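A short worksheet on the structure shown next.
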2 protein chains.
Amino acid sequence: MNSELLLREHDLKVTPQRLGILSLMKIRGHVDVEELFLAMKKQFASISLATLYKNVNAMLEKQLITEIKAPNFKAKYEIVKEPHIHLLCKECNEFVDLDINLETLIDDASKKSNYQLEESCVVLSGLCEKCQTK
Amino acid sequence: MNSELLLREHDLKVTPQRLGILSLMKIRGHVDVEELFLAMKKQFASISLATLYKNVNAMLEKQLITEIKAPNFKAKYEIVKEPHIHLLCKECNEFVDLDINLETLIDDASKKSNYQLEESCVVLSGLCEKCQTK
DNA sequence: TTATTAAAGGATAATAATTATCTTTTAAGC
DNA sequence: GCTTAAAAGATAATTATTATCCTTTAATAA
């Protein structure tokens with residue numbers, strides 16, 4: 001989906017900086033604030049870290065993006081999609097998404113616990129295919 | 001399991017501070033460093049925050065405890081057990097464990113992705129039974 | 001278009017969380 | 001009881017994040 005529309009639908013003003021952030025997230029998938037800062041500086045020489053934090057927080061509040069936190073890693077952000085699994089390779093430090101449907105798991109958990117569950121943060125970590133053979 | 005043995009088995013020196021930390025984790029389940037600090041000060045008036053951070057890190061390295069990170073929360077720690085689900089209530093901010101076996105999920109994820117998976121951090125959040133009716 | 005205005009951006013200070021450093025104390029093995 | 005390496009405690013340093021304040025800009029309506 002077009003980033004401009006995405007912003008408008010979430011009641012966020014369209015700015016070049018925000019379009020840049022979304023574009024990076026679309027290309028890279030999972031990004032942290034520092035990565036974002038370094039990449040954004042190439043397009044917006046004078047961008048401030050504060051702007052990135054403010055925008056990330058605004059997009060989180062409007063549920064346009066989600067935060068993924070995992071042991072030993074800085075918070076990562078990605079554009080919202082269906083509940084899914086994040087795979088993390090401890091060797092190359094890459095995050096990727098795995099599209100296994102988590103509905104069943106969430107439903108089971110909900111029934112067993114009587115919780116009304118809304119969000120998931122599922123990170124499985126280990127070694128990716130490449131790093132296993134090193 | 002007895003905390004003294006637990007420490008020895010993980011090649012960690014037995015100290016009163018460490019026994020205190022484990023005791024608190026056993027009683028409370030999920031704790032963060034600040035909680036730990038406040039609670040420990042009652043037993044060890046002069047305990048230093050640095051001691052807590054150092055011990056938590058040492059126990060993490062030796063895999064005696066694990067770290068649970070979730071959006072909007074400070075890192076929580078608990079004694080290692082089988083892979084399981086953490087439920088988080090956004091209203092009362094309580095973490096609890098749910099014993100649903102995650103083996104199948106992890107195996108599926110492993111097969112689909114060819115990752116060699118070792119660790120899981122699974123947090124589902126929403127409203128607990130009590131907080132739904134408020 | 002242009003004028004208006006609330007919101008966003010940028011610079012930087014302040015705060016919070018965590019790690020590093022150094023000295024003193026203590027657990028573990030002889 | 002000694003000895004010694006590791007742990008504790010105090011505190012400085014670092015890192016991550018938020019707050020503040022002033023300037024600039026996107027959205028809207030004349």
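Chain naming here is simple, since letters A, B, ... match the order of the sequence lines and numbering starts at 1 in each. Computed from a predicted model, the values in this text were never measured in an experiment.
- Ion pair E91(A)/K130(A) not flagged as a salt bridge, since none of the NZ, NE, NH1 or NH2 atoms sits closer than 4.0 Å to an Asp/Glu carboxylate oxygen.
- The distance between atom NZ of K54(A) and atom P of dT12(C), rounded to the nearest whole Å, is 14 Å.
- Y53(B) places its OH atom 13 Å from the P atom of dA16(C), with the value rounded to the nearest Å.
- dG9(C) atom C1' lies 13 Å from atom CG of L49(A), rounded to whole Å.
- Environment of CD in Q43(A): crowded, with over 12 heavy atoms of neighbouring residues, nucleotides or ligands closer than 6.0 Å.
- Picking from dA28(C), dA20(C), dA11(C) the nucleotide with the shortest atom distance to the side chain of V14(B) gives dA28(C).
- Listed for the Q17(A) side chain is no donor-acceptor partner under 3.5 Å among the backbone atoms of M40(A).
- Note: E67(B) CD to C121(B) SG = 8.0 Å, rounded to the nearest 0.5 Å.
- Y77(A) and F73(A) end up in different hydrophobic clusters when Ile, Leu, Val, Met, Phe, Trp and Tyr side chains are linked at under 4.5 Å.
- No continuous path of ILVMFWY side-chain contacts below 4.5 Å connects V96(B) to I27(B), so the two sit in separate hydrophobic clusters.
- Residue pairs that meet the salt bridge (Lys or Arg N to Asp or Glu O under 4.0 Å) test with at least one member in residues 94-109 of chain B, sequence neighbours left out, are K81(B)-D97(B), K81(B)-D99(B).
- For the pair L105(B) and I85(A), the minimum side-chain heavy-atom distance is below 4.5 Å.
- Here chain A contacts DNA chain D (any atom closer than 4.0 Å to a heavy atom, that is under 4.0 Å), and the contacts span dA16(D) to dA27(D) from 5' to 3'.
- Ion pair K74(A)/E35(A) not flagged as a salt bridge, since none of the NZ, NE, NH1 or NH2 atoms sits closer than 4.0 Å to an Asp/Glu carboxylate oxygen.
- Axis orientation changes by 50° from one end of the helix from dT1(C)-dA30(D) to dC30(C)-dG1(D) to the other, with each end axis drawn from 5 pairs and the value rounded to 10°.
- When all heavy atoms of R18(B) and N55(B) are compared, the closest pair comes out as NE-OD1, 2.7 Å.
- The backbone N or O of I68(B) lies less than 3.5 Å from no partner atom in the side chain of E78(B), so there is not a single donor-acceptor pair.
- Using a 4.0 Å cut-off on heavy atoms, the residues of residues 15-42 of chain A that approach DNA chain C are T15(A), Q17(A), R18(A), listed by number.
- Taking the side chain as every heavy atom from C-beta outward, M59(A) and L22(A) approach each other to under 4.5 Å.
- Although no hydrogens or angles enter the test, the distance criterion places no donor-acceptor pair under 3.5 Å between the side chain of K62(A) and the main chain of E9(A).
- Checked by atom type and distance alone, the side chain of S113(B) pairs as donor or acceptor with a backbone atom of Y115(B) at under 3.5 Å.
- Scanning all heavy atoms of the two residues, the minimum distance from E4(A) to L19(A) falls at N-CD2, 3.8 Å.
- Between the side chain of K13(A) and the base of dG9(C) there is no donor-acceptor pair of N/O atoms closer than 3.5 Å.
- Under a hydrophobic-cluster definition in which Ile, Leu, Val, Met, Phe, Trp and Tyr are linked whenever side-chain heavy atoms come within less than 4.5 Å, directly or via other members, L12(A) and V33(A) are assigned to the same cluster.
- Residues of residues 55-62 of chain A that place a heavy atom closer than 4.0 Å to DNA chain C, in numerical order, are N55(A).
- Counting to the nearest Å, the C1' atom of dA8(C) and the CZ atom of F44(A) are 13 Å from each other.
- Heavy atoms of S46(B) sit under 4.0 angstrom from primed sugar atoms or phosphate atoms, though from no base atom.
- Non-hydrogen atoms lying under 4.0 Å from DNA chain C are contributed by nothing in residues 67-76 of chain A.
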